[in-house]
Amino acid sequence: MDVSGFYKLSIEERLKRIKEFAKLNDDEVDILKNTGALSFNIADRMIENVVGAVHLPLGIATNFKINGKEYIIPMAIEEPSVVAAACKAAKFTLPEGFFAEADESVMIGQLQIVNPKRGALERLTEKKINLLEAAKKYTEGLEKYGGGVKDVSFREMRTKRGKMLIVEFDVNVADAMGANTINTLIENIAPYVVEITGGEHRLKILTNLAVKRKVRAEAEWRNEVIGMDAVEKILDGYEMAANDVYRCTTHNKGIMNGIDAVAVATGQDWRAIEAGAHAYASLGGYKPLTRFEKTKNGIKGRIELPLAVGTVGGAVNSVPTAKIALKILGVKSAKELAMVMACVGLANNFAALYALATTGIQAGHMKLHARNIAILAGASSPEEIDAVAREMNEKKDYSVDFAKSVLEKIRR
Ligand code: MEV
């Protein structure tokens, strides 16, 4: 798709290009035009006590080339400048773009056994093969997709409530996020484990710290693109995050701006992603999810984090825009989706560091935020919003009072 000047196009023209590119049908375009239009009937069957639905803007990030393939990336987010920042950072990586890889989709399910009988751990180890065979019965459906139970491990925990056993099943959940598969398996297998261990089973649930489902991505930003002195400044900024938990939290938040926006657009469980990302960052002390280093030609950024995402199941099946977003994205598997998300996270992180270490972020951010302030001041038509925002940017005055005065002038 020709993405040059995509942001300058009218919304109609943008939709036309996306329609052609992703081969969307008229119904799908109507859903997008109707800003998502989750029907009452569907919403009412997704959660409880429904009285409406919430909409977020769906933007498109351009310029992403990942492992040699070009992507058009849907991002759902309320914060201005995140989509623009991703596009800009991605453009600066061209022509090489990003390189990414993902582990198999292995999730871990945890089963807690309390008051196990003496020798339970040894008996579990002896019966490992039988346990795996029994567990496989509950994940047979996954086998044709290359998934299924892969392993089981056992550990003992001494707590103030006594000795407990934790039995952990590794399951390749293929293209699903996997929570339902894992939780069903663990609940079903629990009585058999208790037969072996004695005691009682308690918690039976996946862990959102999906350390066996990590994704890695990297990109290089060259001196001639970002400016010779930017590298040192970015490295100073990065070093602050690496050494200070207060800065590191914001650093990682900037990464999650990108990852969450793709997650929300494509119907993922973004709370699981957030929990997993920050828990992973805190293993051994809270650290940045990215690393930056100077190279011969500029600066290289790398990201690594667990990402439990799916292209089937969950909201992907019920939210119409999620299905359309996945179609636009054109990913063939959950692993590919995870790779795209990691690259967007890295791009947003680089964009934030670059802006913060050089010009500061407020100039660019406020320019885009001006339209929100214009709406707050009462501007209602697209023409009014644009005119008020334009004058705010010209005068560099972003107060609501100023926006109101401009609006009054226009209306007069
Ligand atoms: C704002 O949403 C994200 C940033 O604060 C990230 C950062 O500081 O690195 C700009």
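Atoms within each ligand, like the ligands themselves, are counted from 1 in listed order. Here the structure is a predicted model, which is why all the values come from computation and not from measurement.
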| said: I need the minimum non-hydrogen distance between G378 and E384, along with the two atoms involved. | reply: O-OE1, 4.3 Å

| note | On a heavy-atom basis, the closest approach of M177 and A272 is CE-CB, 3.8 Å

| message | One pair to check against salt bridge (Lys or Arg N to Asp or Glu O under 4.0 Å): K332 and D175. What are the steps and the verdict? | response | CA-CA 9 Å; K332 301 274 178 295; D175 287 323; over 6 Å; no

| query | Only one of E101, E220, E293 forms a salt bridge (Lys or Arg N to Asp or Glu O under 4.0 Å) with R302, so which one is it? | reply | E293

| Side chains of M75 and V82: closer than 4.5 Å at any heavy-atom pair? | yes

| Will you find, in the side chains of H251 and T290, an N or O donor that is under 3.5 Å from an N or O acceptor? | yes

| field | Within the protein, residues bringing a heavy atom under 4.0 Å of ligand 1, chain by chain | value | E79, R247, T250, H251, K253, G254, N257, A352, L356, I361

